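To find a chain, count down the sequence lines: A is the first, B the second, and so on, and within it residues start at 1. All figures in this text were calculated on a predicted structure; none of them were measured in a lab.
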There are 2 protein chains.
Amino acid sequence: MKLTSKGRYAVMALVDLARFDNINPVSLRDISLRQGISLDYLEQIFSKLKKNQIVKSIRGTQGGYILSKKPNEIKLTNIFHAVDEKVKTVQCKKDSKKGCNGKATKCITHNLWDELENHINSFFEKKSLEDLLKSNKEHRY
Amino acid sequence: MKLTSKGRYAVMALVDLARFDNINPVSLRDISLRQGISLDYLEQIFSKLKKNQIVKSIRGTQGGYILSKKPNEIKLTNIFHAVDEKVKTVQCKKDSKKGCNGKATKCITHNLWDELENHINSFFEKKSLEDLLKSNKEHRY
DNA sequence: TCTATACTTGACCATTTTAGTCAGGTATGT
DNA sequence: ACATACCTGACTAAAATGGTCAAGTATAGA
Ligand code: FES
Ligand code: FES
């Protein structure tokens, strides 16, 4: 499994976006400044988020990005999937009968990784952007 | 967080070891052949497992490795820790007040990663080598 | 219409990590 | 003595990471 800056930044940027979204589109420049993320890198990330219909873009002056769904409809799973941050703990192809070692049977730890995958995914499927916003209002940033 | 071949192989090898352990020390060559893992790589891994008192070594002919604890006392946490496969999802230093971006406050996603870390760790802390052995006897490999 | 803003696309790259290999040891049971 | 098997450290090709850079295109507002 992977959890790299790309996934981290994606979530961070979207939380930031969601907080200002209701008024105007939010520019990447603003997010970049507020969150301390490279603008060029953000552009790569948002290009993927857009392809996956998580945000919409508005070009031109005063343009920026807006969420294309309500915060409670955007799960972390969706975000990670969009930026290719796959929660894949098994090594083998799931549908195949073959194991990760190329042998005819699944390896002796296959079930373990499969369980782990489910365990992690259940976390990401439950959490929505809205949950993050809420737990954020409690503190002040 | 990381989950790479090193951690995977460590668990795989230890399950294999645990199954033959009660009779004789198990040589890495055997594990290598049974599980299809490079012998040289296994040696690196077992060097770490030994340093962390998870296995003991017996040198010479008919030598090999044995578990240094009972299978139910070896949790996955211990194994991962031994091979430096850290479940670290937050980016910042936990004890510090500073955020991952170098700012004075924690970043807006800090709590999320912290929750995730606990979620994953609870899985690893519950699972022991014995659990893996059991779920393995049900199937035949 | 001009211009500043901000999205869009694609190529490029230095650094780090990964997943090993290789070469040489040392200890020990038979 | 000798085969087995642990032990150690150096080395490395290939991939992933975390960006940067350059050259656009679309649009709002003056
Ligand atoms: S992980 Fe599926 S066979 Fe090894
Ligand atoms: S992860 Fe802790 S401050 Fe960002």
[X] side chain N/O closer than 4.0 Å to the phosphate oxygens (OP1, OP2) of [N]?
| X | N | answer |
| --- | --- | --- |
| A:Lys50 | C:dT8 | yes |
| A:Thr61 | C:dT3 | no |
| B:Ser47 | D:dC6 | no |
| A:Ser57 | C:dA6 | no |

- Where the side chain of B:Glu43 is concerned, which of D:dG19, C:dA19, D:dT8 is the nearest nucleotide?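 The answer is D:dT8.
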- Item | Among C:dA6, C:dT21, D:dT8, the one nearest A:Arg29 by side-chain distance |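 When the side chain of A:Arg29 is considered, C:dA6 is the closest of C:dA6, C:dT21, D:dT8.
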Between [atom2] of [N] and [atom1] of [X], the distance in whole Å:
| X | N | atom1 | atom2 | answer |
| --- | --- | --- | --- | --- |
| B:Lys48 | C:dA19 | NZ | C1' | 12 Å |
| A:Lys51 | C:dT8 | NZ | C1' | 10 Å |
| B:Ile66 | D:dA5 | CD1 | P | 16 Å |
| B:Phe46 | D:dT8 | CZ | P | 15 Å |
| B:Asn24 | C:dG29 | CG | P | 13 Å |
| A:Leu49 | C:dT9 | CG | P | 14 Å |
| A:Leu42 | D:dT20 | CG | C1' | 14 Å |
| B:Ile45 | D:dC7 | CD1 | P | 15 Å |

[X] atom [atom1]: more than 12 heavy-atom contacts under 6.0 Å:
| X | atom1 | result |
| --- | --- | --- |
| A:Lys98 | NZ | no |
| A:Glu73 | CD | yes |
| B:Lys103 | NZ | yes |

- Task: Would you kindly compare A:Tyr9 and B:Leu39 by the position of their nearest DNA chain D nucleotide and give the one closer to the 5′ end?
- Result: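 First, find each residue's nearest nucleotide; the 5'-ward one identifies B:Leu39.
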- Message: Both B:Ser27 and B:Gln91 contact DNA chain D. Which one's nearest nucleotide lies toward the 5' end?
- Response: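 Result of the comparison: B:Ser27.
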Return yes if a side-chain donor-acceptor contact under 3.5 Å exists between [X] and [Y], otherwise no.
| X | Y | value |
| --- | --- | --- |
| A:Thr89 | A:Glu117 | yes |
| A:Glu85 | A:Thr4 | yes |
| B:Lys50 | B:Ser57 | yes |

- Message: With nearest nucleotide decided by heavy atoms, which residue, B:Ser38 or B:Gly60, maps closer to the 5′ end of DNA chain C?
- Response: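 By nearest-heavy-atom nucleotide position, the 5'-most residue is B:Ser38.
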What protein N or O atoms touch nucleotides 10-16 of chain C N or O atoms at under 3.5 angstrom, if any, and at what distances?
none

- Message: Any base atoms under 4.0 Å from A:Tyr65, or only sugar-phosphate, or nothing? Heavy atoms, all strands.
- Response: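 If one applies the 4.0 Å heavy-atom cut-off, A:Tyr65 turns out to touch the sugar-phosphate alone, with no base involved.
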- Describe the nucleic acid contact of A:Val26 in one word from base, sugar-phosphate, nothing, applying a heavy-atom distance below 4.0 Å.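 Counting heavy atoms under 4.0 Å across all strands, the contact made by A:Val26 is with sugar-phosphate only.
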- Message: Can you say whether a donor on the side chain of B:Arg59 sits under 3.5 Å from an acceptor on the base of D:dT4, or the other way round?
- Response: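 Answer no: no donor N or O sits under 3.5 Å from an acceptor.
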- Are A:Leu28 and A:Tyr65 side-chain neighbours, meaning at least one heavy-atom pair lies under 4.5 Å?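 Yes - at least one pair of side-chain heavy atoms lies under 4.5 Å apart.
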- Query: Residues two or more places apart in sequence or in another chain: which of them pass side-chain hydrogen bond (donor to acceptor under 3.5 Å, both in side chains) with A:Ser5?
  - Reply: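 None.
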- Query: For the side-chain contact (heavy atoms from CB on, under 4.5 Å) test, which of B:Ile54, B:Asn72, B:Asn78, B:Ile74 pairs with B:Leu129?
  - Reply: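 That would be B:Ile74.
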- Task: Give me the one residue out of A:Ile66, A:Val26, A:Leu14 that meets side-chain contact (heavy atoms from CB on, under 4.5 Å) with A:Val55.
- Result: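 When A:Ile66, A:Val26, A:Leu14 are each tested with A:Val55, the side-chain contact (heavy atoms from CB on, under 4.5 Å) holds only for A:Leu14.
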Strictly under 3.5 Å: I want the nitrogen or oxygen pairs between protein and nucleotides 13-16 of chain D, one per line.
none

